[in-house]
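Have a look at the structure below, then the notes.
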Amino acid sequence: MAKIKSVKGRQVFDSRGNPTVEAEIFLDNGASALAISPSGASTGAFEAHELRDKDQNKFLGKSVNTAVQNINSKISNKLKNLDPNHQENIDKILLELDGSENKTKLGANATLAVSLANAKLAAITNKKSLYKNLGKSYSLPVPLMNIINGGAHADNDLNIQEFMIRPDSSKNFTDAIEKCFLVIQNLKKLLKSKKMLTNVGDEGGFAPSINSNEEALDLIVQAIEESKLKPGSDIVICLDVAANELMNEKGEYSVQSSNFISADDVLSYYKKLTLKYPIKSIEDPFGEEDWQSWKKITAAIGNNVQIVGDDLFVTNSKRLDKGIKVKSANCILVKPNQIGTLTETLEVISMAKKANFNSIISHRSGDTEDTFIADLAVATMSSQIKTGSLARSERVAKYNRLLRVEEELGNQAKMAKI
């Protein structure tokens, strides 16, 4: 069996033009594989540590040379002569080598790039597709496609960060993409007819000058109808509020406008929105430590609406365990770079499944051409994938990968159940 010869780290760039970490692992038989860590803008306080140099003379403090050096020296020395097929062992060594609670020493951007590159290399050595080497049964995830950006992802007056569509009636992944394509194109026509800009935000969704959540939702419903699709059955609407960004010190939220209102008033607002519009998923409706409000919204509308924990859970099994016990959500957003290794990511997905939580595999706003999460979604039979709009090549790369997987699976290809 081929063994690891060396691990090479390098600084590359994400979709926002910021430095990030790439790791490439070489085997003694000449095989190699590489992976790149993405980076978030709207980040939870409990995420694993992204190590940056903070030297203002290098890329305005955003360079990742220390994380890269950690790969080239400490990590490469430790992984030499090991078998890449033992993923859990590789990740255990990375965790022990770091030794901190939150990957502060090596950097989660360093450990994740190495962990994912190793998984790709193991698939190569076994002459298997990545998703087949990661899992035993497969399904194609339903896309949550970002079509209007607000919040930290756009320069407009919308406070809610993402307005997404989900093609619930899609027969297969190709059909899912086509339905989303139709809505996006019709939304673009609507925006142009209203003399609104059709520039896109960080994740490929349009970022027009819209003044209210309701205005955005009305436009989306109209675009669905213009596509000869039925809102609420063919296409549903999904929101990412990113409420951490909208919370003040008193625990009030500016979800609707610049005015802050109480958590109970915010819950009432969500109830009204879900009654008026075909909204079937709300991500991060409250702050990451406002457990009580999360519990209230899950009890109030969780039977009909997916309540998604992103900043709440940060792909962390300890936080997910608490959420399961207090019934604070019914779905988890999974971002591998929030935790820092593939093994820990898989453990969280497994925990979620046992609790009957949906899992959504997700990109980051600062993403790259790396398509690992597409294979991860298929291999773990996660119900959904969130990887941006049908725009910007770093987003489209994941959809193209899933189309290839669907083709490879042929008659065995099936859509995941939500």
Side-chain angles (χ1 to χ4, degrees), residues 33 35 38 84-88 90-91 112 115-145 166-180 238 281 306 308 315 320 331-337 339 341-363 367 369-388 390 395-418:
N85 283 291
H86 298 154
Q87 184 74 38
E88 287 187 17
I90 298 288
D91 288 344
L112 183 74
S115 182
L116 300 190
N118 184 77
K120 290 182 182 181
L121 196 52
I124 290 169
T125 63
N126 292 324
K127 296 180 180 176
K128 286 183 177 180
S129 292
L130 178 57
Y131 70 92
K132 285 188 175 176
N133 207 53
L134 288 174
K136 292 178 180 175
S137 3
Y138 325 107
S139 61
L140 277 299
V142 181
L144 270 73
M145 205 168 279
R166 193 179 72 197
D168 280 11
S169 70
S170 49
K171 302 178 193 75
N172 51 51
F173 193 75
T174 303
D175 182 44
I177 293 293
E178 184 174 7
K179 282 183 167 66
C180 292
C238 305
S281 181
Q306 186 173 253
V308 187
T315 317
L320 176 59
C331 179
I332 181 172
L333 201 76
V334 176
K335 295 172 173 172
N337 85 313
I339 193 66
T341 65
L342 175 59
T343 300
E344 290 168 291
T345 304
L346 293 172
E347 283 170 1
V348 165
I349 296 169
S350 177
M351 180 185 283
K353 285 194 172 183
K354 284 175 186 169
N356 292 318
F357 271 46
N358 278 345
S359 54
I360 304 169
I361 307 300
S362 177
H363 63 166
D367 216 284
E369 66 272 25
D370 195 311
T371 62
F372 192 98
I373 61 168
D375 285 75
L376 179 64
V378 173
T380 56
M381 300 183 78
S382 291
S383 62
Q384 296 144 85
I385 189 166
K386 180 183 171 187
T387 187
L390 270 179
R395 316 293 155 183
V396 176
K398 278 73 162 174
Y399 296 126
N400 287 343
R401 173 59 186 155
L402 289 166
L403 290 169
R404 294 182 199 112
V405 169
E406 181 170 67
E407 182 184 273
E408 185 180 320
L409 286 171
N411 293 333
Q412 292 179 305
K414 61 180 181 180
M415 292 297 286
K417 292 176 183 175
I418 297 174

Apply side chain to side chain donor-acceptor pair (under 3.5 Å) to Ser129 and list each qualifying residue two or more places apart in sequence or on a separate chain.
Glu408

Those residues at least two apart in sequence (or on a different chain) that pass salt bridge (charged side-chain N to carboxylate O under 4.0 Å, His left out) with Asp367 are Lys398

One should read off an interatomic distance between Met381 CE and Ser139 OG, to the nearest 0.5 angstrom, of 4.0 Å

For a side chain to side chain contact (heavy atoms under 4.5 Å, CB included) check, start with the C-alpha distance between Lys335 and His363, then their side-chain angles and the critical distance, and finish with the verdict.
CA-CA 7 Å; Lys335 295 172 173 172; His363 63 166; over 6 Å; no

Within a strict 4.5 Å, meaning less than it, do heavy atoms of the Ile360 and Gln306 side chains meet?
yes

Less than 4.5 Å apart, side chain to side chain, heavy atoms only: is that true for Phe372 and Leu134?
yes

Chi angles and distances behind the side chain to side chain contact (heavy atoms under 4.5 Å, CB included) call for Ile385, Leu144:
CA-CA 6 Å; Ile385 189 166; Leu144 270 73; over 6 Å; no

Going by the rule side chain to side chain contact (heavy atoms under 4.5 Å, CB included), which residues pair with Ala176 if we only count those two or more places apart in sequence or in a different chain?
Pro143, Pro167, Ser170, Met415

By side chain to side chain donor-acceptor pair (under 3.5 Å), Asp175 pairs with (sequence neighbours left out) Lys179

Run the side chain to side chain contact (heavy atoms under 4.5 Å, CB included) test against Leu409 and tell me which residues pass, sequence neighbours left out.
Tyr131, Lys132, Tyr138, Leu140, Val405, Ala413

Residues, nucleotides or ligands: over 12 heavy atoms within 6.0 Å of Lys414 NZ
no

What heavy-atom pair brings Lys386 and Leu333 nearest, and what distance separates the two atoms?
CD-CD1, 4.0 Å

Under the side chain to side chain donor-acceptor pair (under 3.5 Å) test, residues paired with Ser382 that sit two or more places apart
Ser359, Thr380

Applying side chain to side chain contact (heavy atoms under 4.5 Å, CB included) to Ile349 and Ile361, what does each step give before you reach the verdict?
CA-CA 9 Å; Ile349 296 169; Ile361 307 300; 3.8 Å; yes

Please report the interatomic distance CD1(Ile418) to CG(Asn358), rounded to the nearest 0.5 Å.
7.5 Å

Give me the atom names and distance for the closest heavy-atom approach of Gly388 to Arg395.
CA-CD, 4.2 Å

Can you list everything that forms a side chain to side chain contact (heavy atoms under 4.5 Å, CB included) with Ser350? Sequence neighbours excluded, please.
Lys354

Side chain to side chain donor-acceptor pair (under 3.5 Å) against Ser362, all qualifying residues, sequence neighbours excluded
none

Applying salt bridge (charged side-chain N to carboxylate O under 4.0 Å, His left out) to Arg166 and not counting sequence neighbours gives Asp168

For a side chain to side chain contact (heavy atoms under 4.5 Å, CB included) check, start with the C-alpha distance between Leu390 and Ile177, then their side-chain angles and the critical distance, and finish with the verdict.
CA-CA 8 Å; Leu390 270 179; Ile177 293 293; 4.0 Å; yes

Please name all residues satisfying salt bridge (charged side-chain N to carboxylate O under 4.0 Å, His left out) with Glu344, sequence neighbours left out, ordered by chain then number.
Lys103

Any donor-acceptor pair under 3.5 Å linking the side chain of Glu406 with the backbone of Thr174?
yes

Closest approach of Ser281 and Val308, non-hydrogen atoms and distance?
OG-CG2, 3.4 Å

Smallest separation among heavy atoms of Ile124 and Ala33, with atom names
CD1-CB, 3.9 Å

Atom of Thr345, atom of Pro336 and distance for their closest heavy-atom approach:
OG1-CA, 3.6 Å

Less than 4.5 Å apart, any side-chain heavy atom of Leu112 and any of Pro38?
yes

Considering only distance and modelled atom types, tabulate donor-acceptor pairs under 3.5 Å from the side chains of residues 115-123, sequence neighbours left out.
from   : atom 1 : to     : atom 2 : distance (Å)
Ser115 : OG     : Gln87  : NE2    : 3.2
Ser115 : OG     : Asp91  : OD1    : 2.7
Ser115 : OG     : Asp91  : OD2    : 3.3
Ser115 : OG     : Leu342 : N      : 2.9
Asn118 : ND2    : Pro84  : O      : 2.9
Asn118 : ND2    : Gln87  : OE1    : 2.9
Lys120 : NZ     : Leu34  : O      : 3.0
Lys120 : NZ     : Asp370 : OD1    : 3.1
Lys120 : NZ     : Asp370 : OD2    : 3.0

Determine which pairs satisfy salt bridge (Lys or Arg N to Asp or Glu O under 4.0 Å) with at least one residue from residues 133-145, sequence neighbours left out, and list them in order.
none

